[in-house]
Amino acid sequence: MDKDTILKQLNPEQGEAVSTLRGPVLVLAGAGTGKTRVITFRIAYMLSSGIPPESILGMTFTNKAAREMRERLAQLVDPAVAGRVTLGTFHSFCIRVLRREITHLGYLPGFTIADDSDQQGLLKQAAGTLGCNYEGFPLAEVHAMISRWKSRLLEPRDARRAAESEFESTAAQIYEEYQSLLELQNTLDFDDMLLLVYRLFTEFPDVLERYRGTYHYLLIDEYQDTNAAQFTIVKMLAGDTCNLCVVGDDDQSIYSWRGADISNILDFPEHFPGAKVIKLEQNYRSTSSILDAANAVIGAGAGGKRHAKKLWSQLGEGEAVRIVKTANGEAEADFIAGMIHQLQGEHPELGYKDFAVLYRSNHLSRELEMAFRRSRVPYRLVGGQEFYKRREIKDAVAYLKILVNPHDDQSLLRILGTPPRGLAQKAVEQLKICRKTMHKPMTELLSADEFLRHLTPRAAEAARELAGILHRYRGEFAEPGQLAMKINAYLKDVGYLDGLQRIYKDLNDALKRRENVDEFINGVSQFEGRQSESPTLGSYLENFALLEENDRVEDDSENGDAVTFSTVHAAKGLEFPVVFVVALERGIFPHERALEEGSADEELRLFYVAVTRARKQLYLLRAAERLQRGFSRATTASPFLELLPEGVAERALPDDLLKAADLNDVRKAFADIFKMLGD
């Protein structure tokens with residue numbers, strides 16, 4: 001596709017963002033203004049201008065966004081050329097760099113990535129080494145603090161200097177011990193991926209120059225979500241040439257709790273002098289009534305600095321935004337279920353998948369789930385318990401990680417007694433002692449006489465057998481390809497598949513978990529099918545480590561046609577014809593903690609994100625009373641609702657909106673179900 005053809009498909013502002021290739025560019029892309037379209041068309045425009053695909057680097061925050069960009073780009077240009085552009089998440093780019101360069105920092109290239117449970121285990125070990133009683137010590141808070149330190153590029157010595165309280169000093173000591181354990185096991189946590197690339201580029205300028213020489217054009221998606229580490233890496237890569245285009249929306253900055261720094265986008269012109277700022281304000285998603293509500297909300301910020309913009313649409317006025325007050329939380333949920341039935345009757349084209357119910361916190365889904373089950377409305381939970389976080393899947397992954405990284409003691413300790421194989425706690429303690437005295441990975445010690453002589457003959461034989469299987473399959477997996485087949489054989493030979501019944505005593509539970517492991521292996525097969533060449537076990541585990549919440553949702557329906565239940569945070573990037581936002585009450589949305597900590601501006605942006613998920617109809621709900629800690633308490637309306645003047649939103653009671661016959665039908669259906677249950 002030539003340049004003129006590309007520009008003809010864009011509005012003037014999008015065209016300017018796509019065709020401005022030199023120097024720093026900030027594209028302020030309001031909700032629904034075609035952000036992904038601009039990024040993919042910009043890359044296509046670069047390629048049509050003769051820029052080599054290998055010199056383009058695009059980074060975003062989710063696998064989903066990266067996949068969507070790659071798929072759209074392949075529709076605009078030759079797929080083979082599109083495949084040569086580097087597109088991915090920040091973390092996938094950093095892993096790519098570290099696989100090639102991490103030996104500069106003293107690590108081995110076969111490192112593995114610690115998941116949440118691995119990190120918790122290492123933190124407990126670190127706290128125990130320092131004499132902290134982790135049973136009563138807030139390790140979750142320490143973990144969050146370490147993550148914040150790393151996102152600010154602070155290593156343990158820096159954290160010790162920055163500590164301002166006794167607790168922070170103790171946390172800094174745990175950080176130091178935790179980091180030592182990670183390095184000892186040739187393992188990284190997620191924050192290390194960014195921190196180590198920063199160290200690499202800082203300590204080895206020749207490596208940085210090599211990557212600057214490779215990537216002459218940078219594109220950063222969702223720039224408002226970048227933290228200090230990501231900002232610094234981008235600035236280092238941009239260098240003096242600085243052909244940098246960042247796309248984002250400060251009005252949708254909602255992740256400060258995980259380190260995002262809104263000043264990165266607010267102060268972009270100061271960080272990159274001479275930057276061109278382009279605003280995208282034409283919305284292609286929502287009706288004017290919804291956008292009027294969104295503009296009223298975000299324009300009423302409590303004095304927070306923002307880039308001024310006003311969304312507009314050519315999709316027509318549409319239905320009015322409705323503010324609905326119900327008697328209590330149960331009535332709120334029943335109203336939504338009834339309204340969905342009614343709207344489907346009025347609009348046969350609407351499937352269940354066209355509806356979403358959004359809430360501030362996950363616990364608010366309980367009454368909704370109960371009401372939807374009563375009324376036979378299928379739903380799916382975004383961000384519920386993830387398939388890949390189930391215990392049996394984590395165990396299977398630990399078995400694989402120990403093959404790729406023999407230094408990964410944490411994974412070995414996880415699988416040593418899973419299933420029981422005669423290596424009791426005494427053997428585990430002896431293994432730890434030998435690890436300290438001999439300075440060898442635990443997998444090497446499994447067959448070492450210095451360890452085996454302390455065991456019973458039965459335990460020693462079990463250790464030798466496990467060591468032999470690990471050694472044999474390490475050789476099997478040295479060759480790429482046929483991963484699913486090899487994994488199935490390995491998990492069977494090592495006794496895991498047949499041992500599930502010894503782990504989970506209930507037969508039905510064991511069978512269900514076996515089905516989950518089989519499904520996990522199916523997922524490996526699908527991964528292989530998507531690769532252009534035979535993958536290695538290491539590349540699969542790398543892909544697995546970067547899986548995100550939105551890569552899988554729990555679905556209560558059989559055919560996938562289901563109403564979406566989601567927190568507003570997890571719904572960012574999604575859109576639906578009809579959206580219900582629930583529990584708009586002070587202390588819930590905005591959240592009580594946010595009000596106490598003075599972060600009301602971010603709560604307002606979160607509400608703005610909720611409003612802009614709706615395409616055609618938006619219902620904002622609050623309950624007069626809501627259960628709190630087992631007691632029904634009167635509520636106060638969210639102050640956000642007061643930002644919507646009468647001309648922008650209509651206030652209504654449930655019975656004003658639900659047709660009496662339909663409401664009676666719903667109530668009768670509930671009564672029939674209760675009677676049937678009673679019988």
Is there a donor-acceptor contact under 3.5 Å from the side chain of [X] to the main chain of [Y]?
X: Asp408; Y: Gln185; value: no
X: Asn63; Y: Leu546; value: yes
X: Ser92; Y: Gly88; value: no
X: Gln410; Y: Ala114; value: no
X: Arg199; Y: Leu194; value: no
X: Arg474; Y: Pro406; value: no
X: Gln230; Y: Asn227; value: yes
X: Ser151; Y: Arg148; value: yes
X: Asp267; Y: Glu270; value: no
X: His591; Y: Ile588; value: no

Using 4.0 Å as the upper bound for N to carboxylate O, is an ion pair formed by [Y] and [X]?
X: Arg514; Y: Glu392; result: no
X: Arg605; Y: Asp601; result: no
X: Asp189; Y: Lys150; result: yes
X: Arg366; Y: Glu369; result: no
X: Arg152; Y: Asp158; result: no
X: Arg210; Y: Asp206; result: no

Which distance, rounded to the nearest 0.5 Å, do you find between the [atom1] of [X] and the [atom2] of [Y]?
X: Leu470; Y: Tyr399; atom1: CG; atom2: OH; result: 8.5 Å
X: Glu101; Y: Leu208; atom1: CD; atom2: CG; result: 11.0 Å
X: Met145; Y: Glu168; atom1: CE; atom2: CD; result: 4.5 Å
X: Ile113; Y: Leu182; atom1: CD1; atom2: CG; result: 12.0 Å
X: Ser539; Y: Phe544; atom1: OG; atom2: CZ; result: 14.0 Å
X: Arg360; Y: Leu606; atom1: CZ; atom2: CG; result: 5.5 Å

What is the minimum heavy-atom distance between [X] and [Y], and which atoms define it?
X: Arg414; Y: Asp395; value: NE-OD1, 2.7 Å
X: Lys440; Y: Leu445; value: O-CD1, 3.7 Å
X: Ala126; Y: Tyr178; value: CB-N, 3.7 Å
X: Asn186; Y: Leu108; value: OD1-N, 3.0 Å
X: Ala396; Y: Leu491; value: CB-CD1, 4.2 Å
X: Pro419; Y: Gly499; value: CB-O, 3.6 Å

Would [X] count as a cation-pi partner of [Y], with NZ or CZ less than 6.0 Å from the six-membered ring centre and within 45° of the ring normal?
X: Lys486; Y: Phe477; value: yes
X: Arg99; Y: Phe111; value: yes
X: Arg96; Y: Phe93; value: no

> So among Thr187, Thr112, Asp118, which one has a side chain to side chain donor-acceptor pair (under 3.5 Å) with Lys401?
Replying inline: Asp118

> So does Tyr496 have more than 12 non-hydrogen atoms from other groups sitting under 6.0 Å from OH?
Replying inline: yes

> Is Lys492 atom NZ crowded by more than 12 heavy atoms from other residues, nucleotides or ligands, each under 6.0 Å away?
Replying inline: no

Residues [X] and [Y]: side-chain donor-acceptor under 3.5 angstrom:
X: Ser638; Y: Glu585; answer: no
X: Gln173; Y: Glu177; answer: no
X: Gln120; Y: His143; answer: no
X: Gln125; Y: Lys432; answer: no
X: Gln224; Y: Glu222; answer: yes
X: Asn264; Y: Thr226; answer: yes

What orientation do [X] and [Y] show, parallel under 30°, tilted 30 to 60°, or perpendicular over 60°?
X: Phe607; Y: Phe589; value: perpendicular
X: His91; Y: Phe190; value: perpendicular
X: His271; Y: Phe231; value: tilted

> After noting the C-alpha distance and the side-chain angles of Tyr473 and Asp493, does the key distance pass the side chain to side chain contact (heavy atoms under 4.5 Å, CB included) rule?
Replying inline: CA-CA 10 Å; Tyr473 275 94; Asp493 284 356; 2.5 Å; yes

Would you say [X] and [Y] make side-chain contact, with heavy atoms under 4.5 Å?
X: Val234; Y: Phe90; result: yes
X: Leu200; Y: Ile102; result: no
X: Phe167; Y: Pro138; result: yes

>> Using the ring centroid of each side chain, check whether Phe61 and Tyr255 are separated by less than 6.0 Å.
In response: no

> salt bridge (charged side-chain N to carboxylate O under 4.0 Å, His left out) with Glu176: which residues, sequence neighbours excluded?
Replying inline: Arg160

